[in-house]
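Only one structure is covered here, and it is reproduced in the block below.
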Amino acid sequence: MSIRVESDMHRRRRSQNIGVAVCLVLFICLVMVLSLVKITNSGPVEGYDHAPRPALADELSQ
Amino acid sequence: MADVSHHNSDYDPVFGDYVALLKPRVMSLVVFTAFVGLMAAPVSLHPVESFCAILFIAIGAGASGSLNMWWDADIDAVMRRTKARPIPSGRTTPDAALGLGVALSGLSVLMLGLAANWHAAGWLAFTIFFYAVVYTMWLKRATPQNIVIGGAAGAFPPLIGWVAATGSVSIEAVLMVALIFMWTPPHFWALALFMRSDYDDAKVPMLTVTHGRPSTRRHILAYAVLQAALAVGLAFTSVGGLIYLAVALICNVIVLKDALRIWRRDEIDAEADNFSAERAFFRFSLLYLFVHFLAILAEALLAPYGFGGW
């Protein structure tokens, strides 16, 4: 028995599937670009990264 | 609520059927007015943030359109103007419209909050709730003022655009909302005067049915006067200027002239010329709002070159 790679349902729903796929890819790209813009426009970000940062400790104590 | 059981089980919806659930024509008006609100604001966002803000405001509007189609599928099937919509024509199920509407509502509010600010996202959530629940589910079939209430929901996009940029509400944003709010009822009442059987057949309590057609004519004139006052008043705020003032004066003289013509006529006159005054009012009101917001946009874009504004 041969396996049908493409059933009728797949063919009929191709437009739906392609549309959803394109929307998802565009959404992922949009979130990535938006994140880059937000991060690059928010100024320098500093925080503790497993090592003591005397400058930040001074800021917190003030 | 929708009780539509004639979904065509042999038909698989195509992607365009889901797009149609979002009322793309209404979305285009939302995109334009929200864009103008955002551009006219005194604070400018990064272009990517602006694009995202407009996109998610539009998706929010589309979501509320989908929820409206889910709830109103029964009356959409009766009206000539709406019977080709995806649910009454059997191309999608009411459940699909409900799912799409709820999912996109959540997504649009969340993403607008992340892209712009949570104040704007709050206004978008309120607008979706107002249109889908207060207007569609509650008041549309209960009061002849349905168009006035529905118009309020459609009026918010420029305010959301403005708040997305500035983070707060101001008199300019409120006046832009008020202009669309005042524009909506006479626009649809004029339509109801010459498309009367549609709303009658659907048992939607339009003003033409509940208060009579002479009363609707008086309402059109009253709203046109208020609309003219608001439109001209907007010219003297920070988003106005000479260009906008000239546009507002010309457009409102035409609208008032048409509204006076509608008010003076009775049904015999109207039927004699196939509702020419009502049709003219409706056609011009489509252009009216577009031209006003285009003038506000022109003021904002020309201001850096010393032309726009006061």
Side-chain angles (χ1 to χ4, degrees), chain A, chain B residues 7-22 24 27 38 43-60 62-63 66 86 90-93 95-97 99-100 103-104 106-118 120-121 164-165 167:
Chain A
M1 197 181 96
S2 64
I3 297 170
R4 287 186 63 189
V5 176
E6 185 179 66
S7 73
D8 264 3
M9 189 189 76
H10 286 132
R11 203 175 55 244
R12 282 185 279 134
R13 293 192 177 170
R14 179 170 290 153
S15 142
Q16 248 190 71
N17 294 334
I18 292 174
V20 171
V22 169
C23 285
L24 284 173
V25 170
L26 288 177
F27 182 66
I28 290 164
C29 293
L30 193 71
V31 170
M32 195 185 83
V33 173
L34 182 65
S35 304
L36 281 173
V37 167
K38 289 272 181 196
I39 293 164
T40 51
N41 284 358
S42 61
V45 179
E46 283 190 277
Y48 288 107
D49 185 19
H50 302 95
R53 300 286 304 274
L56 292 179
D58 288 346
E59 268 178 32
L60 284 174
S61 64
Q62 282 169 9
Chain B
H7 172 62
N8 183 355
S9 56
D10 294 333
Y11 178 84
D12 269 312
V14 294
F15 188 69
D17 294 331
Y18 294 110
V19 175
L21 283 173
L22 308 181
M27 274 169 88
L38 195 140
V43 181
S44 62
L45 287 178
H46 188 281
V48 172
E49 291 173 323
S50 299
F51 174 79
C52 288
I54 300 296
L55 177 70
F56 292 114
I57 293 170
I59 291 175
S66 183
R91 287 179 285 140
T92 53
T93 61
D95 287 348
L100 189 69
L104 290 185
L107 178 87
S108 59
V109 171
L110 184 74
M111 288 306 297
L112 182 63
L114 293 171
N117 58 65
W118 293 103

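Note on naming: letters A, B, ... go to the chains in the order of the sequence lines (proteins, then strands), and numbering restarts at 1 for each one.
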### Query
For the residue pair B:A63 and B:L22, what are the closest heavy atoms and their distance?
N-CD2, 4.3 Å
Please tabulate, for the side chains in residues 106-114 of chain B, all donor-acceptor contacts under 3.5 angstrom to protein atoms that are two or more places apart in sequence or on a different chain.
residue, atom, partner, partner atom, Å
B:S108, OG, B:L104, O, 2.9
B:S108, OG, B:S105, O, 3.0

### Task
Write out all pairs satisfying salt bridge (Lys or Arg N to Asp or Glu O under 4.0 Å) with one or both partners inside residues 17-41 of chain A, taking only residues at least two apart or from two chains.
A:K38-B:E49
### side chain to side chain contact (heavy atoms under 4.5 Å, CB included) partners of A:N41, counting only residues at least two apart
A:V37, B:H46
### Query
Which pair of non-hydrogen atoms, one from B:L45 and one from B:A164, has the smallest distance, and what is that distance?
CD1-O, 3.7 Å
#### Entry: Residues of residues 14-21 of chain B near chain A, each having a heavy atom less than 4.5 Å away
B:V14, B:F15, B:Y18
### Query
What are the two closest non-hydrogen atoms of B:L38 and B:A165, and how far apart are they?
O-CB, 4.1 Å
